[in-house]
Protein chains: 2
Amino acid sequence: MKKYNIPVEAALEVIGGKWKVVILCHLIEGKKRTSELKKLMPGITQKMLTQQLRELEEDNVILREVYNQVPPKVEYSLTDYGWSLKGILDSLCSWGEQHIEKNHPNKEDVLIQPQSIE
Amino acid sequence: MKKYNIPVEAALEVIGGKWKVVILCHLIEGKKRTSELKKLMPGITQKMLTQQLRELEEDNVILREVYNQVPPKVEYSLTDYGWSLKGILDSLCSWGEQHIEKNHPNKEDVLIQPQSIE
DNA sequence: GTCAAAGGTATCAAATTGGTTACTTTTTAG
DNA sequence: CTAAAAAGTAACCAATTTGATACCTTTGAC
């Protein structure tokens with residue numbers, strides 16, 4: 001069994017990594033289909049997306065709902081347990097915004113403008 | 001120049017990775033020497049510790065103070081900018097504690113008891 | 001029949017991260 | 001003269017993470 005030297009390591013195990021916080025930040029905005037998440041995160045591959053979503057589901061942070069139809073439809077949303085991360089996620093988002101403002105006078109230089117999701 | 005799809009990525013660039021949050025959590029408790037940090041993080045190697053500390057210093061989150069004496073003494077502490085992360089770090093720590101409590105009835109099973117620092 | 005749709009696997013390759021060992025520096029203690 | 005102390009660097013290798021590409025499934029439209 002995994003052991004921690006300090007409890008915060010347990011949190012990092014759940015939301016650490018390159019993509020999980022980003023995924024969760026998008027899910028705060030509401031339930032999302034796989035394809036919507038892919039549009040919101042142009043840099044992620046299908047493989048990484050699926051993998052990260054599976055791990056978050058495993059940790060009971062998100063819910064995966066499969067609609068039995070063709071073509072398939074799958075929606076992801078935060079569980080109650082996932083919502084307990086909201087404070088952390090919000091703080092991270094706004095810290096990130098301030099960090100950009102502090103270091104990049106024109107934030108347009110570093111923020112890729114999101115393309116509207118038609 | 002690095003580009004972000006969403007501002008939270010900027011925060012992850014500063015405090016992401018396996019060690020940085022842990023280091024910062026220890027520095028919240030106060031200024032620490034390199035050797036103290038090593039004791040607090042038995043799993044980290046000198047190399048990784050130095051590397052992560054340099055990056056945090058580069059991002060202006062921690063301060064490195066070298067005392068000109070032999071044997072050398074170096075102390076690390078949070079900068080004002082680093083303190084702006086306190087809320088996030090505190091929340092992460094307590095979420096980690098709750099996560100352990102929720103998933104491990106005996107938290108002794110997963111928490112390596114810290115050895116007293118001599 | 002065959003293409004498209006959405007979501008997902010499988011396989012392999014590349015990049016990033018982490019670990020090991022040896023070496024450096026300076027001054028004091030023995 | 002030699003060892004020790006604290007912090008660090010360099011070179012090299014191993015492990016983990018992440019990425020790219022191709023392929024699979026089901027059913028309705030053309």
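Residue numbers start from 1 in every chain, and the chains themselves are labelled A, B, ... in the order their sequence lines are given, proteins ahead of strands.
Counted within 6.0 Å of CD on Glu58(A), heavy atoms from surrounding residues, nucleotides or ligands total 12 or fewer; the atom is thus considered open. Dense packing is recorded around CG of Asn106(B), with more than 12 heavy atoms of other residues, nucleotides or ligands lying under 6.0 Å away.
Bracketed by its first and final contacts, the part of DNA chain C lying under 4.0 Å from non-hydrogen atoms of chain A reaches from dA5(C) to dT11(C) in 5' to 3' order.
Counting only residues at least two apart or on different chains, no ring pair (Phe, Tyr, Trp, His ring centres under 6.0 Å) pair has a member in residues 23-80 of chain B.
Contact detail for Ile28(A) and Trp83(A): the closest heavy-atom pair is O-CH2, 3.5 Å. Minimum interatomic distance between Thr79(B) and Asn60(B) (heavy atoms only, all atoms of both residues): OG1-O, 2.7 Å.
Comparing the start and finish of the helix from dG1(C)-dC30(D) to dG30(C)-dC1(D), five pairs each, the helix axis swings through 30°, to the nearest 10 degrees.
Between Ile44(B) and Leu37(B), the closest side-chain pair of non-hydrogen atoms is not below 4.5 Å.
Side-chain contact annotation: Ser94(A) with Gln98(A), donor-acceptor N/O pair under 3.5 Å absent.
Residues that satisfy the salt bridge (Lys or Arg N to Asp or Glu O under 4.0 Å) test with Glu65(B), not counting sequence neighbours, are Lys31(B). Judged as a salt bridge (Lys or Arg N to Asp or Glu O under 4.0 Å), and not counting sequence neighbours, Glu57(A) has no contacts.
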When you check every protein heavy atom under 4.0 Å of nucleotides 11-30 of chain D, what one-letter string (B, S, -) results, 5' to 3'?
B------BBB-----BB---

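We find that OH of Tyr67(B) is positioned 18 Å from C1' of dA5(D), with the value rounded to whole Å.
Between dA7(D) and Ser35(B), a contact under 4.0 Å exists linking OP1 or OP2 to a side-chain N or O.
Between the Glu36(B) side chain and the Arg33(B) main chain, a donor and an acceptor come within less than 3.5 Å of each other.
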